[in-house]
Amino acid sequence: MICCGFMWKSGGEDLQGFYPVREECVADVPRTRFKSRAGKTLSARKWHAAFTGDGHLDMERVLRRIQRGGIHPSIKGEVWEFLLGAYDPDSTFEERNKLRNHRREQYYAWKEECKNMVPLVGSGKFVTMAVVAEDGQPLEESSVDNQEWVVKIAITDKRVLQWMLVLSQIGLDVVRTDRYLCFYESESNQARLWDILSIYTWLNPDIGYVQGMNDICSPMIILLEDEADAFWCFERAMRRLRENFRTTATSMGVQTQLGMLSQVIKTVDPRLHQHLEDLDGGEYLFAIRMLMVLFRREFSFLDALYLWELMWAMEYNPNKFASYEEPQNMNNSSGQDPRLLKQYGKFERKYIKSGQNEQHNTLAVFVVASVLETKNKRLLKEAKGLDDVVQILGGIAGNLDARKACKEALKIHEKFLKKANSKH
């Protein structure tokens, strides 16, 4: 299609060509800074060379590369599966194929279960309007014009009703997700996003669906061809993020991370923290979006993916896979063996060395802190109210460098650990 012709050149290689932007949207999209750097970025060649003959992966080597220069777009999806703990680097090709096939069967069985309740699942179509009344009754005749599908008989099962009521909200969010990308000009690609989010919501009634999950899921669909693989990659990402999305009538899960952010700024930059407190911003609510959708709005599509993989590589813990698959068999060894320590990401390693390897802050909290620190002078000088804080931070879209942000985050993390330890 003509509108998909726009691509950014990067370091002599057309990287944005992997995620072409609709021509009419080019002016509104933050510019991409990520460049594939020879000798630093994990290339397809280096990735395949990191496997032994039977499929064991040298994760230490892979992490080193990613932390230096990210992952080449041609292999992002398959590398992410390891970074997110979907596969064990210490497994063989055969073992992983067996697990992949088992998971695909499991996903398509769940999909069939959902399709039996709502035939639109898996049809290449999706809904943006209610399919059932809030009390579980079929909708009035006047409400069903132009609807692809609606409930014909009353729904009495609470869980089924709760799920059906949220399907239209998922649909509305799907339509808004990354719509500047040519990929989502296809309704069938939008429907795949709707399918995965709908199935995840059905399987996780305690969390349900919350806006922002669409932004986390979208890249998985673009990077992984098989819908089941994309689902499992999203499911693993949500293991790390799901508590942020847990909401009750009085609180949001992300408030835990906001509390951590408050603690970090108070420790490393008490003057800025005090200033934000004076502006009634001590709860750091202005940072909700950054933490919920991991900076998707602050970066171009490619740069956001680069930031994610940098963070995930730095947070990598070789026990992740086992903790998800066999939580009951987990021992709490902290990996103080120097050889084992090399298999951890930089950020995670610091916690283990300091003996603070229990539940701890995520790198994302320190990345937000690094963003606040880059705007420290302006915030202190110009922010007279919370609106000013939001406006100053709003100006960072497209002007942030993912690598620098992570580098600064690690420095702040070190400073925080030192100050925290000196208090004990």
Side-chain angles (χ1 to χ4, degrees), residues 1-11 13-36 70 73 76 126 128 169-194 197 210-223 285-311 364 367-368 370-372 374-375 378-379 382 386-406:
M1 293 186 73
I2 296 170
C3 74
C4 293
F6 181 83
M7 299 168 182
W8 281 301
K9 293 282 180 187
S10 179
E13 187 187 0
D14 178 13
L15 291 182
Q16 191 58 38
F18 285 90
Y19 321 109
V21 172
R22 294 165 63 161
E23 205 169 67
E24 68 273 22
C25 303
V26 170
D28 304 322
V29 176
R31 73 189 179 93
T32 293
R33 290 164 172 263
F34 175 70
K35 289 180 171 58
S36 177
K76 273 188 196 297
F126 61 98
T128 54
Q169 182 55 55
I170 297 174
L172 288 169
D173 288 344
V174 160
V175 172
R176 291 190 282 255
T177 306
D178 294 328
R179 56 178 159 196
Y180 57 86
L181 294 176
C182 294
F183 182 85
Y184 283 118
E185 285 186 302
S186 148
E187 190 187 6
S188 66
N189 285 338
Q190 289 182 319
R192 283 171 67 209
L193 179 56
W194 184 77
L197 290 168
V210 181
Q211 196 171 42
M213 289 180 180
N214 50 313
D215 291 297
I216 304 297
C217 187
S218 169
M220 317 298 179
I221 302 229
I222 294 170
L223 297 179
L285 295 175
F286 51 81
I288 282 180
R289 193 179 69 186
M290 289 188 215
L291 290 169
M292 290 281 277
V293 299
L294 291 183
F295 307 90
R296 283 296 316 271
R297 303 287 188 282
E298 284 68 36
F299 289 92
S300 71
F301 184 77
L302 186 51
D303 284 345
L305 306 196
Y306 175 39
L307 176 71
W308 288 8
E309 63 209 21
L310 280 179
M311 291 199 294
V367 174
V368 176
S370 81
V371 169
L372 289 173
T374 61
K375 296 293 173 190
R378 276 195 69 193
L379 288 167
E382 297 171 31
L386 277 183
D387 287 350
D388 297 331
V389 174
V390 171
Q391 194 184 351
I392 291 166
L393 293 177
I396 62 177
N399 296 311
L400 278 180
D401 182 305
R403 194 156 160 269
K404 274 185 191 162
C406 276

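Heavy-atom basis, side chains included; hydrogens, waters and symmetry copies ignored.
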Quiz prompt | Value rounded to 0.5 Å, distance of CZ in R179 from OG in S218 | solution = 13.0 Å
Practice problem: Search all heavy atoms of C406 against all heavy atoms of L310 and return the closest pair with its distance. | Solution: SG-CB, 3.9 Å
Exercise. Apply the side-chain contact (heavy atoms from CB on, under 4.5 Å) test between W194 and each candidate in N189, V174, T128, D173; give the one that qualifies.
Key: V174
Exercise. Calculate, to the nearest 0.5 Å, the distance between atoms CD and CG belonging to Q190 and N214 respectively.
Key: 11.5 Å
Quiz prompt | Gap between atom OG1 of T177 and atom CD1 of I216 - 0.5 Å precision | solution = 11.0 Å
Practice problem: Enter the distance from L379:CG to L393:CG here, rounded to the nearest 0.5 Å. | Solution: 5.5 Å
Exercise. Check step by step if side chain to side chain contact (heavy atoms under 4.5 Å, CB included) holds for Y184 and I222.
Key: CA-CA 9 Å; Y184 283 118; I222 294 170; 4.0 Å; yes
Quiz item: By side-chain contact (heavy atoms from CB on, under 4.5 Å), which residues pair with T374, not counting sequence neighbours?
Solution: none
Quiz item: Given L302 and K76, is the side chain to side chain contact (heavy atoms under 4.5 Å, CB included) satisfied, shown in steps?
Solution: CA-CA 11 Å; L302 186 51; K76 273 188 196 297; 4.0 Å; yes
Self-check item: Note, F126 side chain near E187 side chain (heavy atom, < 4.5 Å)
Solution: yes
Quiz item: Should E382 and D388 count as side-chain neighbours, where that means a heavy-atom distance under 4.5 Å?
Solution: no
Quiz prompt | Validation row: K35, Y306 side chains within 4.5 angstrom (heavy atoms) | solution = no
Quiz item: So with a 6.0 Å cut-off around CD of Q391, is the heavy-atom count from everything else above 12?
Solution: no
Quiz item: Can you name the nearest heavy-atom pair linking A405 to S370, along with the distance?
Solution: O-OG, 3.2 Å
Can you give each donor-acceptor pair under 3.5 Å made by side-chain atoms of residues 286-294, sequence neighbours left out, with the distance rounded to 0.1 Å?
unit_1, atom_1, unit_2, atom_2, d
R289, NH2, E298, OE2, 3.1

Quiz item: Is D178 reaching over with its side chain to a backbone N or O of L181, donor-acceptor style, under 3.5 angstrom?
Solution: no
Practice problem: Give a yes or no on this: more than 12 heavy atoms of other residues, nucleotides or ligands lie within 6.0 Å of atom CG of D387. | Solution: no
Quiz item: Which pair of non-hydrogen atoms, one from L400 and one from R33, has the smallest distance, and what is that distance?
Solution: O-CD, 3.1 Å
Self-check item: Heavy-atom pair with the smallest gap, counting every atom of V367 and F295
Solution: CG1-CZ, 3.5 Å
Exercise. Compare every heavy atom of F34 with every heavy atom of D303, then report the nearest pair and how far apart it is.
Key: OD1-N, 2.9 Å
Quiz item: Taking only residues two or more places apart in sequence, or in another chain, which ones meet F301 in a ring-ring contact (aromatic ring centres under 6.0 Å, His included)?
Solution: Y19
Self-check item: Rounded distance (nearest 0.5 Å) linking atom CZ of R176 with atom CG of D215
Solution: 10.0 Å
Self-check item: From I170 atom CD1 to L193 atom CG, the distance as rounded to the nearest 0.5 Å
Solution: 9.0 Å
Practice problem: Give the minimum heavy-atom separation between Y180 and C25, together with the two atoms involved. | Solution: CB-CB, 3.6 Å
